[in-house]
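Keep in mind that this is a model prediction, so the values were computed, not measured. Count residues from 1 along the sequence.
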Amino acid sequence: MTQKIIAIDGPAGSGKSTVARALASALGWAFLDTGAMYRAVTCEALDQGVDVNDQRAVAALAASLRLTTLPRVTVNGRDVEEEIRTDRVNAAVSVVAANALVRATMVARQRQWAAEQPLGTVVEGRDTTTVVFPEATLKVFLTASLEERARRRGDEGEASVARRDEADTNRNASPLRQADDALVLDTTGRAVDEVVGEIITCLTNLHSN
Ligand code: DC
């Protein structure tokens with residue numbers, strides 16, 4: 001693989017989205033939010049009245065969609081940037097993300113998209129370090145204390161975040177798993193810039209070795 005990829009994973013509230021965006025901006029690289037893709041498929045399934053539990057129907061829909069994540073999340077040309085963060089999408093997205101047929105389509109699109117970026121891509125999401133880009137230039141796994149992650153999630157509460165950790169870790173399709181060779185960073189009590197700086201230092205060291 002010749003393209004440069006930094007893949008970032010971690011549990012809910014670990015800071016992966018914020019850190020990934022800031023890192024892409026600091027490096028001048030493209031940014032890919034893979035969670036937004038699963039959310040966009042979910043959104044379109046709900047809007048078209050497709051049963052999210054009907055795995056084949058959702059997979060067929062996922063394969064046929066025109067999807068963008070930048071500069072805005074769109075499905076078939078329709079802007080869904082706000083809609084993908086609504087409660088009804090939050091409630092259904094884990095079913096869509098657990099659909100192995102949908103995942104196969106999304107993973108292929110993610111690889112294709114990254115291959116087209118001229119400089120490099122920072123990609124964020126659940127299976128990006130283990131399944132999508134196991135050969136990434138750098139793999140980062142962010143963690144933070146349960147208390148801090150719950151605080152970052154606002155009203156969600158520690159019990160709910162802990163339940164989500166459990167579900168994410170124990171699902172069959174691409175569970176939350178730390179890649180063996182990932183740089184593990186605990187973001188508890190740390191500023192975004194500091195974490196970004198540490199990742200860039202690590203990247204620089206890779207290149208000079
Ligand atoms: O990161 P997020 O909350 O936007 O992700 C939305 C859902 O999609 C969540 O259930 C995790 C899942 N997801 C996934 O299974 N694989 C990815 N690469 C990214 C997100």
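- For Asp79, the side-chain hydrogen bond (donor to acceptor under 3.5 Å, both in side chains) partners two or more places apart in sequence, or in a different chain, are Arg72.
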Listed pairs under 3.5 Å, donor-acceptor, residues 114-125 side chains, sequence neighbours left out:
from: Glu116; atom 1: OE2; to: Gln112; atom 2: NE2; distance (Å): 2.8
from: Gln117; atom 1: NE2; to: Trp113; atom 2: O; distance (Å): 3.0
from: Glu124; atom 1: OE1; to: Ser17; atom 2: OG; distance (Å): 3.4

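- For the pair Ala26 and Val196, the tightest heavy-atom approach, listed with the atom from each and the gap, is CB-CG1, 4.3 Å.
- Remark: Asp54 engages Asp51, Arg56, Ala57 in a side chain to side chain contact (heavy atoms under 4.5 Å, CB included) (not counting sequence neighbours).
- At least one donor-acceptor pair under 3.5 Å links the side chain of Arg152 to the backbone N or O of Ser14.
- Ser25 places no side-chain N or O within donor-acceptor distance of the main-chain N or O of Arg21, the cut-off being under 3.5 Å.
- Within a 6.0 Å sphere centred on CZ of Arg109, heavy atoms belonging to other residues, nucleotides or ligands number more than 12.
- Considering CZ of Phe31 and CG of Leu23, their distance stands at 10.0 Å, rounded to 0.5 Å.
- Here CD of Gln3 is found 6.5 Å from CZ of Phe133. Values are rounded to the nearest 0.5 Å.
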Could you please spell out the steps behind the side chain to side chain contact (heavy atoms under 4.5 Å, CB included) verdict for Val75 and Cys43?
CA-CA 9 Å; Val75 179; Cys43 193; 5.6 Å; no
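- Take Glu194 and apply the salt bridge (Lys or Arg N to Asp or Glu O under 4.0 Å) test, not counting sequence neighbours, and it matches Arg190.
- Between the OG1 atom in Thr105 and the CD atom in Gln110 there is a gap of 10.5 Å [rounded to 0.5 Å].
- Each of Thr129, Thr128, Asp181 was checked for a side-chain hydrogen bond (donor to acceptor under 3.5 Å, both in side chains) with Lys139, and the lone residue meeting it is Asp181.
- In terms of the side-chain hydrogen bond (donor to acceptor under 3.5 Å, both in side chains) criterion, residue partners of Gln48 (sequence neighbours excluded) are, by chain and number, Glu44.
- When all heavy atoms are compared, the tightest approach of Ala62 to Val41 is CB-CG1, 4.0 Å.
- Distance check: Thr74 OG1 to Glu81 CD gives 9.5 Å after rounding to the nearest 0.5 Å.
- Here the closest non-hydrogen pair linking Leu67 and Ala40 is CD1-CB, 3.5 Å.
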Ignoring hydrogens and angles, write down the donor-acceptor pairs under 3.5 Å from the side chains of residues 83-102, residues two or more places apart or on other chains.
from: Glu83; atom 1: OE1; to: Arg78; atom 2: NH1; distance (Å): 3.2
from: Glu83; atom 1: OE2; to: Arg88; atom 2: NH2; distance (Å): 2.6
from: Arg85; atom 1: NH2; to: Asp33; atom 2: OD2; distance (Å): 3.3
from: Thr86; atom 1: OG1; to: Glu83; atom 2: O; distance (Å): 2.7
from: Arg88; atom 1: NH2; to: Asp47; atom 2: OD1; distance (Å): 2.4
from: Asn90; atom 1: OD1; to: Arg39; atom 2: NH1; distance (Å): 2.9
from: Asn99; atom 1: OD1; to: Leu101; atom 2: N; distance (Å): 3.0
from: Asn99; atom 1: OD1; to: Val102; atom 2: N; distance (Å): 3.2
from: Asn99; atom 1: ND2; to: Gln55; atom 2: O; distance (Å): 3.1

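- The shortest heavy-atom contact between Ala136 and Ala7 is CB-CB, 4.2 Å.
- Across all non-hydrogen atoms, the minimal contact from Val192 to Ala22 is CG1-CB, 3.8 Å.
- Qualifying side chain to side chain contact (heavy atoms under 4.5 Å, CB included) partners for Val131, counting only residues two or more places apart in sequence or in other chains: Asp127, Ser174.
- Atoms OG1 and CE, from Thr34 and Met106 in turn, are 10.5 Å apart once rounded to the nearest 0.5 Å.
- A pairwise comparison of heavy atoms in Val73 and Ala36 identifies CG2-CB, 4.1 Å as the closest pair.
- Residue Phe141 shares its hydrophobic cluster (ILVMFWY side chains chained together at separations under 4.5 Å) with Leu176, Val184.
- Judged as a side chain to side chain contact (heavy atoms under 4.5 Å, CB included), and not counting sequence neighbours, the contacts of Glu166 are Asn170.
- Residues passing the side chain to side chain contact (heavy atoms under 4.5 Å, CB included) test with Ala167: none are found, sequence neighbours excluded.
- Listed by first then second residue, pairs satisfying salt bridge (charged side-chain N to carboxylate O under 4.0 Å, His left out) with a partner in residues 6-20 read Asp9-Arg126, not counting sequence neighbours.
- Under the 4.5 Å side-chain heavy-atom criterion for Ile, Leu, Val, Met, Phe, Trp and Tyr, Leu146 and Leu185 are members of distinct hydrophobic clusters.
- Note that CG of Leu142 and CD1 of Ile199 are 6.0 Å apart. Values are rounded to the nearest 0.5 Å.
- In terms of the salt bridge (Lys or Arg N to Asp or Glu O under 4.0 Å) criterion, residue partners of Asp165 (sequence neighbours excluded) are, by chain and number, Arg149.
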